[in-house]
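Read the structure below first, then the notes.
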Amino acid sequence: MEHTPQSLLTAIWTNVEDHALERQSPGLARARADATEAGIPQGSAAQAELLRALEHMVGATSVIVVGTGAVVETYQLLDGLDGHGQLTAVDSSAQGIAMIRSLLRELADSTQASLRAVSAPAKVFLPRLNAADYHLIVVAGDVDNYRATYEQAPRLLNKGGIIAFTDILALAGQTADGASMDDAPDTRKADAMRQLLADVEEDERFSSTLTPSGTGLLLAVKR
């Protein structure tokens with residue numbers, strides 16, 4: 001089987017990402033810059049656009065973001081609610097939740113959506129939420145967010161709802177061309193993501209696909 005040359009894949013990814021960055025609204029660009037300056041790395045602009053598109057595709061009105069200072073994803077997903085519905089951001093890091101709360105306060109006057117920022121680990125907070133009440137869950141950031149959210153997703157999502165795992169290849173922060181999970185900066189996260197990927201793909205409750213968006217985006221649709 002022939003493979004697309006690595007140099008071409010890199011060029012495609014770079015062009016798509018540059019295009020998405022150019023399309024960012026001034027508010028989103030400012031939020032990204034502020035988070036980066038504060039030392040909170042942000043995810044791919046193209047990936048965040050894709051998540052917003054998925055939100056529209058499933059007609060999501062109830063969204064959860066579980067992250068570690070996931071400012072860009074939260075911003076795009078709030079924008080994708082088109083002024084209604086509810087967004088819940090869960091972040092157990094002190095710096096991350098402060099950034100998210102600041103963002104939501106800034107955007108509160110521009111939307112009728114219900115906004116909630118929760119400072120708690122996913123494994124503590126998510127079991128408190130109502131079952132079958134959510135259309136989209138996005139997971140990012142610290143490795144501990146992933147397994148805990150996956151375990152709750154079948155209960156929280158309605159039929160056809162999506163859970164999206166960003167950085168599933170654990171390559172956030174990696175700059176070398178041609179990097180693989182063996183080169184991941186965080187080996188603990190890489191090991192956890194390998195197991196999570198295998199578990200989700202084998203889970204008959206979901207239909208899943210691994211995409212090259214960002215540093216690997218795993219999408220799983222509840223059957």
Could you point out which residue of Q24, Q42, E37 forms a side chain to side chain donor-acceptor pair (under 3.5 Å) with R32? Q24

Side chain to side chain donor-acceptor pair (under 3.5 Å), paired with E49, selected from R23, H19, Q76: R23

Geometric class of the F206/Y150 ring pair [parallel <30°, tilted 30-60°, perpendicular >60°]: tilted

Stepwise side chain to side chain contact (heavy atoms under 4.5 Å, CB included) test for K189 and Y146: CA-CA 10 Å; K189 185 173 184 178; Y146 287 75; 3.5 Å; yes

Is there a chain of hydrophobic side chains (I, L, V, M, F, W, Y, each step under 4.5 Å between heavy atoms) that links [X] to [Y]?
X	Y	answer
L218	V63	no
L156	L136	no
L129	V138	no
L197	V66	yes

Starting from the C-alpha separation in whole Å, work towards a yes-or-no answer on side chain to side chain contact (heavy atoms under 4.5 Å, CB included) for I168 and L217. CA-CA 6 Å; I168 196 65; L217 179 67; 6.0 Å; no

Evaluate R147 against D199 for salt bridge (Lys or Arg N to Asp or Glu O under 4.0 Å), listing each step before the verdict. CA-CA 10 Å; R147 178 64 59 173; D199 291 346; 2.8 Å; yes

Could you check W13 against L8 for side chain to side chain contact (heavy atoms under 4.5 Å, CB included), going step by step and ending with a plain yes or no? CA-CA 9 Å; W13 191 98; L8 179 56; over 6 Å; no

Step-by-step side chain to side chain contact (heavy atoms under 4.5 Å, CB included) determination, L103 to M99: CA-CA 6 Å; L103 175 69; M99 291 289 296; over 6 Å; no

Can E17 and S44 be said to form a side-chain hydrogen bond (donor to acceptor under 3.5 Å, both in side chains), step by step? CA-CA 7 Å; E17 185 66 14; S44 157; 2.6 Å; yes

Got a donor-acceptor contact below 3.5 angstrom from the Q95 side chain to the T68 backbone? no

Is D186 reaching over with its side chain to a backbone N or O of A190, donor-acceptor style, under 3.5 angstrom? no

